[in-house]
J.: 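Before I ask anything, here is the structure I am working with.
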Number of protein chains: 2
Amino acid sequence: MTPQAHRTGNAPPTGRRRGTALEQAIFEAVVQQLEAVGYAGLTMEGVAAAAHTGKAALYRRWPGKAELVVDTLDRLLPSPEDLPDRGNVRDELIELLRQKAAVLNSRVGRAVQSLLAETERDLPFVRLVQERVFEPRLNVFRVILERGGRRGEIRPEPISPLVADLGPAMLVQRFLGDSSPIPDDFLVAIVDQLILPLIKR
Amino acid sequence: MTPQAHRTGNAPPTGRRRGTALEQAIFEAVVQQLEAVGYAGLTMEGVAAAAHTGKAALYRRWPGKAELVVDTLDRLLPSPEDLPDRGNVRDELIELLRQKAAVLNSRVGRAVQSLLAETERDLPFVRLVQERVFEPRLNVFRVILERGGRRGEIRPEPISPLVADLGPAMLVQRFLGDSSPIPDDFLVAIVDQLILPLIKR
DNA sequence: CAGATAAGATACGGTTGCGTTCACAAGTGG
DNA sequence: CCACTTGTGAACGCAACCGTATCTTATCTG
């Protein structure tokens with residue numbers, strides 16, 4: 001049933017790695033295994049083999065696979081960044097979607113696709129993945145709208161909260177339907193053809 | 001590793017089922033197993049146990065799990081329906097999104113969430129799930145726009161193709177982020193607050 | 001009723017992964 | 001140098017599942 005564990009393709013290390021160096025190799029192996037066999041197919045043995053280490057080194061640090069994956073994701077997923085004021089709403093929205101697309105386009109982003117399947121299983125990484133990868137950043141969107149309002153760029157009337165969901169929803173759907181990276185002009189088109197017409201003065 | 005196979009909760013059948021009756025029970029068991037343990041966790045033994053039958057009955061019909069799942073999905077996922085002319089664009093768009101939400105809200109729809117993890121694995125059900133469950137129905141959207149154009153309801157200038165993706169993208173994101181059923185007023189809001197402002201005269 | 005078919009139950013040999021344990025030894029710091 | 005920590009490789013008993021095979025027998029049809 002379980003496919004053969006995939007090797008990283010890297011040669012085994014010369015000499016022993018200790019502490020954080022070993023942990024980095026393990027995290028890298030987790031990502032590689034998530035990509036190759038998904039969360040369900042990921043095994044401690046497979047991660048250990050891909051990291052060229054022993055299971056005991058894994059179990060010394062993590063009680064099981066879910067905790068290992070949580071720690072890996074927490075370490076490797078980018079934290080949300082503040083968005084600099086770029087002087088106009090369009091550029092800020094494009095930047096916001098670029099940040100999201102960059103996460104989705106990353107190896108880690110692609111690796112977490114398999115975690116979508118686990119959403120109902122009360123595993124500790126579910127919330128983390130939703131927040132860091134898939135959910136819209138409503139607070140940043142709100143800041144962009146406030147700045148745009150101050151600059152007189154957007155309509156004075158209230159804007160539907162659904163507009164904040166729109167861009168990320170389109171990116172996620174693209175992500176799920178097509179495994180090639182999300183092109184930049186796609187997200188620019190989302191801003192220009194969908195979001196701006198809904199909010200611009 | 002693999003969790004214990006879950007029973008359907010139904011009592012074993014009285015007497016033997018043959019032919020299509022047995023197949024129905026097997027399909028039902030597949031859905032139940034997809035919900036309970038996902039695609040990766042689904043086993044022929046688990047399905048056989050949940051359907052109160054023997055593995056040999058499964059292997060007599062299907063060479064393996066992927067074929068079994070394809071057949072189940074093909075049988076249980078609703079085929080696309082034509083959309084009747086409801087006299088105005090708004091009602092037609094709402095109906096279109098209602099059909100999609102109905103699929104996503106169904107047990108089968110929820111059961112296929114685990115298949116999202118498999119999208120990169122060239123399994124035969126991938127296309128089927130994308131088309132039947134997740135993808136926008138562009139041809140129907142186009143028909144709605146044409147009718148609306150004829151009625152003078154929508155703008156004469158070309159409408160961005162991204163607008164067709166918008167509704168389904170919002171539904172899918174809702175589906176992924178929240179396991180409760182998609183409420184009807186959510187999809188009505190998508191039409192009223194996002195799609196119509198983008199297309200209406 | 002007899003015959004044919006296929007369902008249900010079980011067994012089998014093989015594979016894989018779990019979590020634990022152990023022996024040896026590389027690496028580090030005093 | 002020595003003591004300690006931790007990494008490496010391998011072994012272990014167990015559980016689960018695969019795909020196949022076999023036997024019994026329920027069900028259906030003519």
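Labels below follow one simple rule: chain letters A, B, ... track the order of the sequence lines, proteins then strands, and each chain is numbered from 1. Note that the structure is predicted; figures quoted are calculated from it, not measured.
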J.: Verify the distance criterion only: is there a donor paired with an acceptor across the side chains of B:Gln130 and B:Arg127 at less than 3.5 Å?
T.: no
J.: C:dG19 P sits how many Å from A:Leu68 CG, rounded?
T.: 12 Å
J.: Between atom CD1 in A:Ile26 and atom P in D:dG7, what is the gap in whole Å?
T.: 8 Å
J.: Between B:Arg16 and D:dT25, is there a side-chain N or O to OP1/OP2 distance below 4.0 Å?
T.: no
J.: Looking only at side-chain N and O atoms, does A:Arg17 come under 4.0 Å of OP1 or OP2 in D:dT6?
T.: no
J.: Are there more than 12 heavy atoms of other residues, nucleotides or ligands under 6.0 Å from atom CG of B:Asn139?
T.: yes
J.: Please state how far atom CG in A:Leu42 lies from atom P in C:dC18, giving the value in whole angstrom units.
T.: 9 Å
J.: Mind running side-chain contact (heavy atoms from CB on, under 4.5 Å) on B:Glu153 and B:Ile199 for me, showing each step along the way?
T.: CA-CA 9 Å; B:Glu153 290 185 79; B:Ile199 65 174; over 6 Å; no
J.: Considering only side-chain heavy atoms of A:Ala57, which listed nucleotide, D:dT8, C:dC18, C:dA7, is closest?
T.: D:dT8
J.: So, is B:Thr53 near the phosphate of C:dG8, with a side-chain N or O under 4.0 Å from OP1 or OP2?
T.: yes
J.: Below 4.0 angstrom from OP1 or OP2 of C:dA7, is there any side-chain N or O of B:Arg61?
T.: yes
J.: Are B:Asp85 and B:Arg151 packed together at the side-chain level, in the sense that at least one heavy-atom pair is separated by less than 4.5 angstrom?
T.: yes
J.: Quiz question: by atom type and distance under 3.5 Å, do the side chains of B:Gln99 and B:Arg137 form a donor-acceptor pair?
T.: yes
J.: At under 4.0 Å between heavy atoms, what does A:Gly64 touch on the DNA or RNA strands: base, sugar-phosphate, or nothing?
T.: nothing
J.: In whole angstrom, what separates B:Arg60's CZ from D:dT20's C1'?
T.: 12 Å
J.: Once you round it to whole Å, what is the distance between C1' of C:dC18 and CE of A:Met44?
T.: 10 Å
J.: Which nucleotide wins on minimum distance to the side chain of A:Glu45, given the candidates D:dT8, D:dA21, C:dG17?
T.: C:dG17
J.: Would one find a side-chain N or O of B:Arg18 under 4.0 angstrom from OP1 or OP2 of D:dT29?
T.: no
J.: Separation of A:Tyr59 atom OH from C:dC22 atom C1', in whole Å?
T.: 17 Å
J.: Whole Å only: how far is the CG atom of A:Leu22 from the P atom of C:dA26?
T.: 17 Å
J.: Relative to the 5' end of DNA chain C, which residue comes earlier, B:Lys55 or B:Gly15, by the nucleotide with the nearest heavy atom?
T.: B:Gly15
J.: Please report the distance, rounded to the nearest Å, between NZ in A:Lys65 and P in C:dG19.
T.: 10 Å
